[in-house]
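The figures that follow rest on heavy atoms only: side chains count, while hydrogens, waters and symmetry mates do not.
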Amino acid sequence: MIAAVVQPPALLSVIRSSNPTPLSLLFLTRAASHRSYGLSAVPHNAGGRHDEDCHNSPLVRAVDRCRSPSSLPALRALHSTLHHHPLLLSHPAVQIKLIRALAACGDPHGARRLFDASPAKKTVFFNIIIRSYVDHGLHLHALSFFVDGTLRHQLKADNYTFPCVLKACAASNHLCGGIQIHGAVTKLCLDSDLFVGNTLIAVYARCGRFSDASQMFDEMPKRDVVSWNAMIAGYAKHGQFERALDLCKEMVAQQNPTPDSGTLASILPAMSRTEIANVELMRKLFDEMSNKNIVSWNAMIAIYANNSMPREAVDLFSKMEIAGIEPDAVTLASILPACGDSSAFTLGRRIHQLIEMKRMRPNLVLENALMDMYANCGCLKTAREIFDSMNWKDVVSWNSIISAYGMHGHGLDAIAFFDQMVKSGIKPDSIAFLSIISACSHAGLVNQGKHYFNLMTEHYHLSPTIEHYACMVDLLARSGNLNEAYDFIIEMPIKPNERVWGALLNACRIYSNMEIGLNAADHLFKLVPEQSGYYVLLSNIYARAGRWEEVMVVREMMINKGIKKLPGCSKVELWNDVHTFYIGDRIHPRSKEIYEKLDVLMVRLKELGYVTETETALHDVEEEDKEGHLLVHSEKLAVAFMLINTSPETPIRITMNLRMCLDCHQAMKLISSITQREITIKDTNRFHHFVCGVCSCGDYW
DNA sequence: TTAGGGTTAG
C-alpha cells in the first residue's frame, strides 16, 4: 500500500526529470530521508505487490535514471538513503538497478561491493559487473571476477558472459585465458553463438593466431560484419596489411555483409602510408555507408591524416561539422596533426577553444596533439605553454617538445628537455632519439648528436632505424664532414635509402663537393629516378662550379625522362582564408599591389646592401619568364601580400613546399628588419623565424 | 552482449 502523499511541485519535477542533475538528485535524496513518499508504507510481505512498489518507488526510479559519471554523487546519496529502507534495498530488482547504475556511472568497484554483499547472486549481476570492468579497461579484474564467480559462487556463465570475458582476454592479449575459456564455451555448446564466436575470433586474431581465428571464422554457422571486422583487425594489427585489405575487398566484392564503420576502424592500421587507390576505396566505402557514426568519421579522417593528405582530412572534418556530428576527443586528436601539417592555424586554434570550452582536459593524447599542432604552425611559445600546463606527461609529450624546439632551431633547449625527461624517470624511446639527433643536426651540434646516437645504441640498446641513420648523415654532412658522412653510409648495417643519400647530396650542394655529390646523385637516380628535387640539386652543384654544359646535360635528362620540376609554392592564412602563391605568380587578384610593394621593398633592401643571389638561379630556365627575367619566388609574394593586408604588429606565417633558397633567406632577414615584422617560414625541412634582421637558424640550414 | 577509432620524427 502506497500512501497518497502530495508531492511538492519542485520535487515532482525532479523525480519526473528524464535527465537528473547531481544537484537535483541530491535534493531528492535529502528530502526523501525526511519524508516517507510512501516508501515506509511498503508492506513487509506483500508478494507481487511488493515488486510493483519497488518499481514505482520514486527513489528506485531516480536510481534508474543515473546513467553517466556526473550522476555518481547523486547515486551514492540515493544508495545511502536506501539503507533506511532495508526491505527495498534487499529486493533483487532494486539491487540489479543499483548495480547497473553504479556500472553506468563509472564505478565498477562500487558495483562489485554491492554484488559481494548481496545474498542473491545471479548471472545477470555477474554479467553487468564484468562488462563494467571491461568498459573501464580493468581486464584483469574482469577475468579474476569471472573465475571467482564461476568457482566460488557457482554462477553459470551464459551467452552474455562469454563475449565480455573474451573481450577482456582479447584486449589484454591474454591468449592462454582465451584458450581456456574457449574450452568452457565448447563444453556448454555455446561456440555456435554468433556473439561468442565473434569474440573468439577477436581473441585469436588479436593475439596473432590466424589459423585458429580462420578456423573459427570458417566453421561458424552464421557470420556477420563483426566476424569479418575481427579478422581484418587482427591482420591489420599484426602488420599483415595485404591480407587485411584482401579480406576487406572480398567482403566488398561479395556485397555481404556490407562494410560498416567498424570495418573502416579495423583496417585503419593497414591504411598508414598506403597507396592512394586504397585511400580512395575507403572513401568510397565511407560515402556509401548508410549508418555513419562518429567512429566511421574518425577513421576516415585518420586515414587521410596518416597518408599525408591533411587538406582532405580538414575538408572531411568540416563536412562532419556541417552534418551536425559532434566531434569527440578522438576526432580532435586525429584532426590536430592534420592542422599542423597543413598549417591550418585558424582551425587548430578553434579546436583548442573547443577543447577548453567542452572541458576535455586533462586528456594526455589530446594535449600532446595540441602541443604538436602549435609547434607545427610556428607557435613555439603556445606549444610550450601547453606543455607546462600539463598535469601528466608521457614520452610522447617529451618527444613533442624536444622536436618542437629542434625544428625551431633551439638545439640546446631541446637537449635540456631531453635531459630533464631522463631525470624525471621517463625512458627515451626510438623517436626521442630521432628528435634529439634531428635537433642537434638543425643547430649544428655535431658532437652532441654523436653522443646521443651512441647513448641510444650502447646504453639504451635500441637498434637505429634507417631514419636515425639519415639523421646522422644529415648531422655530419651539413656540418661539413662530408667524408665522415660518406664513410658512415658505407659502414651502415642496413641498405641506405633515398633519405640517406639525399641528405648527403644536399650537403654536397652547400659545400660544392662535386666528387661525393656525383656519387650520391648516382645512387639517388637509381633509387628514385622520377624525383625532380635531386636533379635540381645536382644541377645546382654544377652551376656553382660554373660547369654549364653539365647543367644542360642534367636538364636534358629531366626533359627526356619527362620529369617536371615541382613549382615553388607558399601558403598564408588571412582572415580564415588560405592564399596560395606560385613562383612568378600574377594570377592573384591583388597581384598588382603585391608587385608594387615588392618593388618598394627591393629599393630599401638594395640600400641596405642586398644583392640578388643569382649564381644558381641564373641558368635555371624554368625560373625565367619569356623575357628572360628571373621570376619572383613564392615566399616573397606571400610576404608582400601579408605586409599590405595586416597591421604592423601582426606576425607573418608562411608555409612552403620546398626548402628556402639562400636569396629569399637573405631577403627575409632584411624585410624583417626594415618592416619590424616577425616572419616565420616553415619550409620542408624546418622553421625559420626572422626577427630584426636575424634568423633563428643562425644561417645554418 | 561481440569487432573497431586518437598524440610524438623526417
Compare side-chain N and O positions of Lys167(A) against OP1 and OP2 of dT1(B) and report whether any pair is under 4.0 Å apart.
-> no
Are OP1 or OP2 of dG4(B) and a side-chain N or O of Arg206(A) less than 4.0 angstrom apart?
-> yes
Minimum heavy-atom distance between Phe345(A) and Cys377(A), given as atom pair plus value = CD1-CB, 3.7 Å
At under 4.0 Å between heavy atoms, what does Asn127(A) touch on the DNA or RNA strands: base, sugar-phosphate, or nothing?
-> nothing
Could you give the CE-to-C1' distance, from Met220(A) to dT2(B), as a whole number of Å?
-> 9 Å
Which part of the nucleic acid does Ile402(A) contact within heavy-atom distance under 4.0 Å: base, sugar-phosphate only, or nothing?
-> nothing
For Ile181(A) and dT1(B), what is the distance between atoms CD1 and P respectively, to the nearest whole Å?
-> 19 Å
Quick one: which of dG6(B), dG4(B), dA9(B) gets closest to the side chain of Leu366(A)?
-> dG6(B)
When the distance from CG of Asn306(A) to P of dG10(B) is rounded to whole Å, what number comes out?
-> 17 Å
With a 4.0 Å cut-off on heavy atoms, is Arg659(A) in touch with a base, just the backbone sugar-phosphate, or nothing at all?
-> nothing
Asn198(A), nearest nucleotide to its side chain (from dA9(B), dT2(B), dT7(B)) | dT2(B)
Examine the side chains of Arg131(A) and Tyr160(A) and answer whether a donor and an acceptor come within less than 3.5 Å of each other.
-> no
Under 4.0 Å between any heavy atoms, over every strand shown, what does Ser430(A) touch: base, sugar-phosphate, or nothing? Just pick one.
-> nothing
Nucleotide of dA3(B), dA9(B), dG6(B) approaching Asp260(A) most closely (side-chain heavy atoms) = dA3(B)
For Ile431(A), answer base if it contacts any base atom (sugar-phosphate contacts may also be present), sugar-phosphate if it contacts only those atoms, and nothing otherwise; contact means non-hydrogen atoms under 4.0 Å.
-> base
Taking the side chain of Phe195(A) as its heavy atoms from C-beta onward, which of dG6(B), dT1(B), dG4(B) lies nearest to it?
-> dT1(B)
Give the nucleotide from the list dA3(B), dT1(B), dA9(B) with an atom nearest to the side chain of Arg131(A).
-> dT1(B)
Separation of dG6(B) P from Asp372(A) CG (nearest whole Å) = 16 Å
Which nucleotide, dT8(B), dA3(B), dG6(B), lies nearest any side-chain atom of Ala230(A)?
-> dA3(B)
NA contact type, Asp429(A), heavy-atom cut-off 4.0 Å: base, sugar-phosphate, or nothing?
-> nothing
Closest listed nucleotide, where the reference is the side chain of Thr199(A) and the choices are dA9(B), dT2(B), dT7(B) = dT2(B)
Please determine, for the side chain of Asn685(A), which listed nucleotide (dT8(B), dG6(B), dG10(B)) has the closest atom?
-> dG10(B)
Donor-acceptor side-chain pairing of His352(A) and Tyr374(A) below 3.5 angstrom | yes
Of the nucleotides dT7(B), dA9(B), dT1(B), which has the atom closest to the Tyr160(A) side chain?
-> dT1(B)
His408(A) vs Phe687(A) aromatic rings, parallel, tilted or perpendicular, using cut-offs 30° and 60°?
-> parallel
Give a yes/no answer on whether the side chain of Ser400(A) brings an N or O atom under 4.0 Å of OP1 or OP2 in dT8(B).
-> no
Pair Asp260(A), Asn229(A): side-chain N/O donor-acceptor within cut-off below 3.5 Å | yes
Over how many whole Å does the gap from Asp328(A) atom CG to dG6(B) atom P extend?
-> 11 Å
Please report, rounded to the nearest Å, how far the P atom of dT1(B) is from the CZ atom of Phe126(A).
-> 17 Å
With under 30° as parallel and over 60° as perpendicular, where do the rings of Phe488(A) and Phe453(A) fit, or are they tilted in between?
-> perpendicular
Nearest to side-chain heavy atoms of Val396(A), which nucleotide of dA3(B), dG10(B), dT7(B) | dT7(B)
Would you classify Asn159(A) as touching base, sugar-phosphate or nothing, given that sugar-phosphate means primed atoms plus P, OP1 and OP2, and contacts are heavy atoms under 4.0 Å?
-> base
May I ask you to evaluate whether Ser438(A) reaches the phosphate of dG10(B), defined as a side-chain N or O under 4.0 Å from OP1 or OP2?
-> yes
Report the distance from atom NE2 of His238(A) to atom C1' of dA3(B), rounded to the nearest whole Å.
-> 14 Å
Could you state the CG-C1' distance from Leu247(A) to dA3(B), rounded to the nearest angstrom?
-> 13 Å
List the atom of His689(A), the atom of Thr680(A), and the distance in Å for their closest heavy-atom pair.
-> ND1-OG1, 2.9 Å
